[in-house]
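Reading through the structure tokens given below for one structure.
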Amino acid sequence: MNSTLTVTPGAPYDFAANAGFITHYRGREGSDAFDGETLTRPIDLCGKVAMAAIWSTGTVDRPELAVTLSGLSRSLSAAELGSATQQVERVTGAAGSPQPFYEMAKEVPALATLAERFHGLHLTRATSLFETIAWAILGQQISAIVAASLRSRITENYGRSGEIEGAPYALFPHAEQLAGVTVDELRALGLSQRKAEYTIGIADEFASGRLTEDGLTDLDDESVERQLLKIRGIGPWTAHWLLIRGLGRPDAFPAGDVALQKTLGELVTGKAMSPDELVTYAGHFRPYRSYLTIYLFALIRARRVGAA
DNA sequence: ACCCAGGCATTGG
DNA sequence: CCAATGCATGGG
């Protein structure tokens, strides 16, 4: 009882580049994978879980994605199909286009090269704001591998898992599933006292309805940032990252990031920038600074993989 | 044995 | 207001 649907991203869109970015830190989780052709990931349809297989049926300049949803016992309602389409559009970064950023990057040779190298990379988003926040906090100041193992343990213990046509899947818990958990339980999974407190605090914020993703959609970037900064565990770096990865806003920039200071500095001046210099320089890319951010992170990741 | 990794809140000057 | 410190784990 499979359903199919089609998604048309804004051009230019390079499916492999985006799928690689999405799965970069997810390789080990098994339920979210890209084999070079097809991106597979579980889709949460309010109680039912479908496995989505997503692949490209177009080109970079005329992009089109095909999606098959499997593991369903009956065909989907129109509302469910709409929800699935929305989720696929969200995680693949179908909306928006990096083109305006390219026009700006043209002015600086090193950045023109950067834009060319990752041509067709969009702003992809994580599945939910809650999940993005939880991931960001888990990952603060620890290596991606450690963060991934903490995430897996939380998913195993509190999330939903199962199997669809022989393929195992695991979904990170919803806020409601984590809200009643104790600090000690999370510490037993390897989280620090603080990470445990922050995680539960955020789950409570969402589960109680004090913080919702919908409640932020009509606010401008600065108002969203103010809301997020009130929450323990979220500082400036994380707030900006959430605007980009969690909400898909095109003009956020985590200026406190040391790797960005080093990398952008080396590209345009030959040496690391101070935080102030970075803010000033990034200002030239308003209102598309999120693209500058993800293109730099894509470069940083590629270098790490290359070095390893 | 160390040090660090896409930070943050807290504390002490 | 700025600088130093603890936090947790796993890989180099």
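Fair warning: this is a prediction, and the values are worked out from it, not measured in the lab.
- Checked against a 6.0 Å centroid threshold, the rings of Tyr158(A) and Phe172(A) do not count as neighbours.
- The residue Leu191(A) sits close only to the backbone: its heavy atoms come under 4.0 Å of sugar-phosphate atoms, none of a base.
- Nearest-nucleotide positions on DNA chain B for Gly233(A) and Ala259(A) put Ala259(A) closer to the 5' end.
- The pair Arg90(A)-Glu131(A) does not count as a salt bridge, with every side-chain nitrogen at least 4.0 angstrom from each carboxylate oxygen.
- Here, dA4(C) and dC3(B) have their P atoms 16 Å apart, quoted to the whole Å.
- Across all strands, Ile234(A) comes closer than 4.0 Å only to sugar-phosphate atoms, never to a base (heavy-atom distances).
- For the pair Thr57(A) and Leu65(A), the minimum side-chain heavy-atom distance is 4.5 Å or more.
- Rounded to whole Å, the P atom of dG10(C) lies 23 Å from the corresponding atom of dC8(B).
- A side-chain donor-acceptor contact under 3.5 Å links His122(A) to the backbone of Gly10(A).
- Where DNA chain B meets chain A (any atom under 4.0 Å from a heavy atom), the bounding nucleotides read 5' to 3' are dA5(B) to dT10(B).
- For the P atoms, the distance linking dC2(C) with dA5(B) amounts to 23 Å, nearest Å.
- Using a 4.0 Å heavy-atom distance criterion, Pro236(A) is classed as a sugar-phosphate-only contact.
- More than 12 heavy-atom neighbours from other residues, nucleotides or ligands sit within 6.0 angstrom of CD on Gln99(A).
- Contacts of Ser192(A) with the nucleic acid, taken as non-hydrogen atoms under 4.0 Å apart, involve only primed sugar atoms and P, OP1 or OP2.
- The pair Arg74(A)-Glu80(A) meets the salt-bridge criterion, with a side-chain N (NZ, NE, NH1 or NH2) lying under 4.0 Å from an Asp/Glu carboxylate O.
- Using a 30° and 60° split on the angle between ring planes, Phe101(A) and Tyr291(A) fall in the parallel class, below 30°.
- Residue Gly139(A) is the one, among Gly139(A) and Tyr198(A), whose nearest nucleotide of DNA chain B lies closer to the 5' end (criterion: closest heavy atom).
- Although no hydrogens or angles enter the test, the distance criterion places a donor-acceptor pair under 3.5 Å between the side chain of Asp251(A) and the main chain of Arg289(A).
- Within the nucleic acid shown, Ile244(A) has no heavy atom closer than 4.0 Å to any nucleic acid atom.
- Backbone-only contact: Arg153(A) has heavy atoms under 4.0 Å from sugar-phosphate atoms and none from a base.
- The gap from the P atom of dG6(B) to that of dA3(C) amounts to 23 Å, rounded to the nearest Å.
- Taking every heavy atom of residues 275-296 of chain A and every atom of DNA chain B, no pair lies under 4.0 Å.
- Neither side chain, Thr217(A) nor Asp214(A), offers a donor N or O lying under 3.5 Å from an acceptor on the other.
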